[in-house]
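Have a look at the structure below before the remarks.
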Amino acid sequence: MTKPQGEVHFAQQASDLKADPAIEYGRLPNGLRYAVRQNETPSNTASLLMRIDTGSLNESDETRGIAHFLEHMAFNGSENIPENEMIKRLERFGLAFGADTNASTSFDETIYQLELPEVNEEIVNETMMIMRETASRLTLDADAIDRERGIILAEKRTRNSPAFQAFIDSLNFYLEGSRVPNRIPIGTPETIASVTREQFVDFYRGYYRPDNTFITFVGDFETSYAIEKIEEYFGDWEAVGEAKPDLDPGVVSFDTPRTHVYSNPEVETSVSLSTLSKPVDLDDNAKTREQVLIDNLGNTILTRRLGMLARSEDAKFISASASTYDLFDAAEVSTLSVNTQSDAWDAGLAQAEQMLRQALAFGFTQAELDEQLANYRKGLEVAVQTSPTRRTPSLARRILSSFASDSVVTSPQADLELFQKRADAITLERVEKAFREQWAKLETAPQLELTTNQDIEGGEATLEAAYAASRAIPVEAQIEKAAQTFAYTDFGPAGKVVERSKIEDIEITTVMFDNNVRLNIKKTPYETEVIRLKVAMGGGSLTFPTDQPGFRTFAPNMIGLSGLEAHSVDDIHTLMAGKSVGAAISFDNRNMTISGSTVPGDLDDQLNLMAAYAIAPGYRAEAQSQYNKYIESFYPTLDSTPGGVSARDVPRLIRSGDTRYGFPTQAELLELDFDDVKTWREANVDGSAIEVSVVGDVDEEAVIAAVARTFGALPERAKLPVMPPLSLRQLTFPQGSKVPTKLTHAGDPETAMLQIYWPAPDGSDIETSRKVSTLSRMFRLRLTEELRESEGASYSPRAFSYASRLFPDYGYIGASLELSPAEIDVMSEKVEAIAAEFRAGDFDASLFDRAIKPTRERIENSLEDNGYWMSVIDSAQTDPVPLDNHRSRDATYQNMTVEDIQAVAKQIFDPKSVYKVQILPGT
């Protein structure tokens, strides 16, 4: 979009679109712009965001990385906050580092984020003061800069995966001639090590200026109060020195055909066919929005076709999509992106290219356009319905991103009205014309890129030959599919309610039908016209065959990809077009679950779909074909990062080799078929107990009637779920050892991972589990202080805990750090030394307060979160423990003391029981 010019300070001032009237915009005399909005979901909370209009594109060759480095320095000392004190101050107010306190730097902007867990004078003053300190009062001490260099290098190591390297190579290909590929925000090791304080001050004063700053403040307050606070803390800000200009990003060649092959043994294979055009700045107005929608529809329909083909047995690729997007304001790219197996890139390219050419030659069908318009309209309608309870963080980010893109934040109602006025003008002819214009340069300047884990003999010439061979194959018009009717709307006579009661203190209605299906309902006001549903059935992962390690990965994928007996996944998408319905299948230890969300008007369709998934799985051969292709592409890249190796191997190691955990071999993942799933499902799911839970803006009687008609009409089910036998619930923590288990990865040779585990109590006592969880948060804070802030050795040390009632005498606390291989032994000793401090009780109330205050604040906020309430009630009739845990939660955390944690730490951090894993670069 076009940037506001002259006296036009916001996009809506030059548009026929009316900005959302709930948002109040303004500009201070010093040029700082702001937008504030009152919003009460969650109540008594707020989001404060500050955007500085500069990023890595404004760096010189000598200062690459300085914009991101400067973002780090915001946490390292200002005129009124000593170095390393900002995060601690915020934690004492209940803001957790990372979740509530964060920042990010991109090519063209730097954003600072504070999520206020409460709205009161003290917290608002503190957070406003911190934002002002960041904006104009950073000390940028030379010694602090030197101390931060190691953290930046650690972050660079964390990000430097083979996939990231492939991304950089792709940027170089598409934006050759632009400065963008040479201005990756993280910088280079050389500039990170050499950038000086003087260069920091020059960049800071030149770009951190009032007229370069936008503040968004959204929350549970009067807008007049928010404006007063912005004026109070930022009104006297005066820029120092001269403003620095935005640097020219450079020129890209849009009319030259190009071909490129990138090979790296640790990446998945993909091939793309694209065109490049000069970006066009457009004002955000009604006409532009109509045209943008029309431009998007052609690619959306083509992507839908590609997805349908990918899910067929005839597919030569794993997935594919078409899109047009702006690439960092340097080029507009229309791209056909195809993910394939490593030995099938040419066949995958050919199949997708021919489908693109087919669409260009023969266009689309009215039915395809109608499906997409129905989905688009439904999305707008749902946005209107749910708008009264939109959550504050998402509103704040939308306001900020719209400002950054020079677009207008319109209300959901205005968006729907605009579409309704112009819907009749969105014709098939206009969509096809726009689609062909987007891809016009395909004839004269195609951009071919192959990223692969294989060495391609002939390189670019081989890629060009494959493309030419595909183009020589003629294409024919697509055959239109006959319309279907959803087959699962009649499940028999509606079930009768035989029990109905109320759990008064948690306000849950519980129902049992005569077929033993159970229903739990909680009505809440937290998401207007949103209904969340979850169906728990027998047959969790603990019932999977123990002699088939691949089953844990295979079964969820197969059941999810296979659709229904009467309809494929693609049929379901078409049949449900224009409806807010969906179903996701997953497994926990005890249950297969079917989850979804909808709006009241689509509740019947949602329950039809979920009940169909419960009784009529598809078992489609094409799903297995798609799964096999994905595994063959994905599995070889698991060792490309330490994190991938950890996910593959460590879950099994910390369970003493239990083959049910982690990833088995590729062969074990591929040896299964649908007969295995059918046999397991017949024994463990068919006829099992069913518990349906519904949370949200519900009419209880309507929900009961809809469930009676669907799940209540099924043949009789078991009355209670089956507890897996103890033999399947026994896990063993590995024997402690001073000698680490060593694994290797095939990625960046400068990156390693250290993971350390200590056995901990199981989850049978919730009070103990909560103390262990708090201990892990305190441990993370100390790791961050010591290994990130003091040593600069690890960018984001993690600590975590695990405990479950299902696995007696099994639990753990763990720590995970990405490090330089040269430092891994020294840092291992430091982690164990911190554990020894904890074991000795050598920590004070301040550390405890910083860990417990964010937890207490999250408890309060979770009471307005329907996701939390679903976790409380989803087994209300078959397992009362989650209800009891909810009842005791607040008191536990309010009454928890430092002494409680010291006792748990002494029990857990026994040096004799420690288990260590080092994941090192391979030789």
Side-chain angles (χ1 to χ4, degrees), residues 538-558 586-593 631 634-635 638-639 642-672 676-677 679-681 683-684 721-737 739-745 753-764 769 772 776 798-816 908 910 912-919:
S541 60
L542 283 177
T543 67
F544 290 166
T546 56
D547 59 347
Q548 294 177 305
F551 201 93
R552 186 175 284 256
T553 302
F554 181 78
N557 279 282
M558 286 302 91
S586 60
F587 292 85
D588 60 28
N589 285 314
R590 293 186 61 186
N591 296 297
M592 183 180 90
T593 63
I631 294 299
F634 156 76
Y635 194 90
L638 270 175
D639 69 347
V645 172
S646 172
R648 185 189 67 194
D649 297 339
V650 174
R652 184 173 297 184
L653 290 173
I654 60 173
R655 293 170 176 85
S656 297
D658 193 317
T659 58
R660 294 175 295 174
Y661 296 89
F663 283 97
T665 66
Q666 180 172 325
E668 288 171 325
L669 286 169
L670 294 173
E671 70 182 7
L672 297 146
D676 299 304
V677 178
T679 300
W680 166 81
R681 183 165 175 148
N684 295 281
V722 176
M723 170 65 77
L726 182 61
S727 61
L728 295 176
R729 296 186 288 115
Q730 289 180 321
L731 298 176
T732 305
F733 192 85
Q735 177 109 19
S737 174
V739 179
T741 297
K742 293 187 178 183
L743 308 173
T744 60
H745 70 89
M753 178 175 281
L754 169 67
Q755 295 188 327
I756 302 182
Y757 295 84
W758 293 263
D762 62 32
S764 58
S769 293
V772 172
S776 74
R798 294 191 305 118
F800 41 84
S801 63
Y802 174 81
S804 170
R805 291 182 292 131
L806 279 176
F807 302 106
D809 301 320
Y810 183 84
Y812 58 77
I813 270 186
S816 179
I908 290 175
D910 183 348
K912 296 177 183 177
S913 64
V914 68
Y915 180 77
K916 296 180 284 189
V917 179
Q918 293 183 0
I919 306 174

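We're numbering straight along the sequence, starting at 1.
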As an exercise, state the distance from [atom1] of [X] to [atom2] of [Y], rounded to the nearest 0.5 Å.
| X | Y | atom1 | atom2 | result |
| --- | --- | --- | --- | --- |
| K742 | K916 | NZ | NZ | 10.0 Å |
| Y810 | Y802 | OH | OH | 7.5 Å |
| Q918 | I756 | CD | CD1 | 8.5 Å |
| I631 | L669 | CD1 | CG | 5.0 Å |
| F587 | F551 | CZ | CZ | 7.5 Å |
| H745 | I919 | NE2 | CD1 | 8.0 Å |

Which atom pair, heavy atoms only, marks the closest approach of [X] to [Y]?
| X | Y | answer |
| --- | --- | --- |
| S646 | M753 | CB-SD, 4.0 Å |
| P549 | T659 | CB-O, 3.7 Å |
| A815 | F800 | N-CZ, 3.9 Å |

Item checked: N589 vs F807, side chain to side chain contact (heavy atoms under 4.5 Å, CB included): CA-CA, chis, key distance, verdict -> CA-CA 10 Å; N589 285 314; F807 302 106; 3.7 Å; yes
Check: [Y] main-chain N/O paired with [X] side-chain donor or acceptor under 3.5 Å:
| X | Y | value |
| --- | --- | --- |
| T543 | G540 | yes |
| R729 | L806 | yes |
| R805 | G763 | no |
| S656 | T732 | yes |

Notebook entry, point to check: Are any of the side-chain nitrogens in D658 or R660 under 4.0 Å away from the carboxylate oxygens of its partner?
Noted result: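 Yes.
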Next item on the list: Not counting sequence neighbours, which residues clear side chain to side chain donor-acceptor pair (under 3.5 Å) with S764? List them please.
Entry: D762
Note to self: Whether the Y915 and T741 side chains hold a donor-acceptor pair (N or O, under 3.5 Å, no angle test) is what I'd like checked.
What the structure shows: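 Side-chain D/A pair, Y915 to T741: present.
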Check: Hey, mind stepping through D639 and L743 against side chain to side chain contact (heavy atoms under 4.5 Å, CB included) and telling me if it holds?
Finding: CA-CA 10 Å; D639 69 347; L743 308 173; over 6 Å; no
Item checked: Aromatic Y661 / basic R552 pairing, under 6.0 angstrom, 45° off normal -> yes
Checklist line | Residue pair L670, Y635: steps toward the side chain to side chain contact (heavy atoms under 4.5 Å, CB included) verdict | finding: CA-CA 11 Å; L670 294 173; Y635 194 90; over 6 Å; no
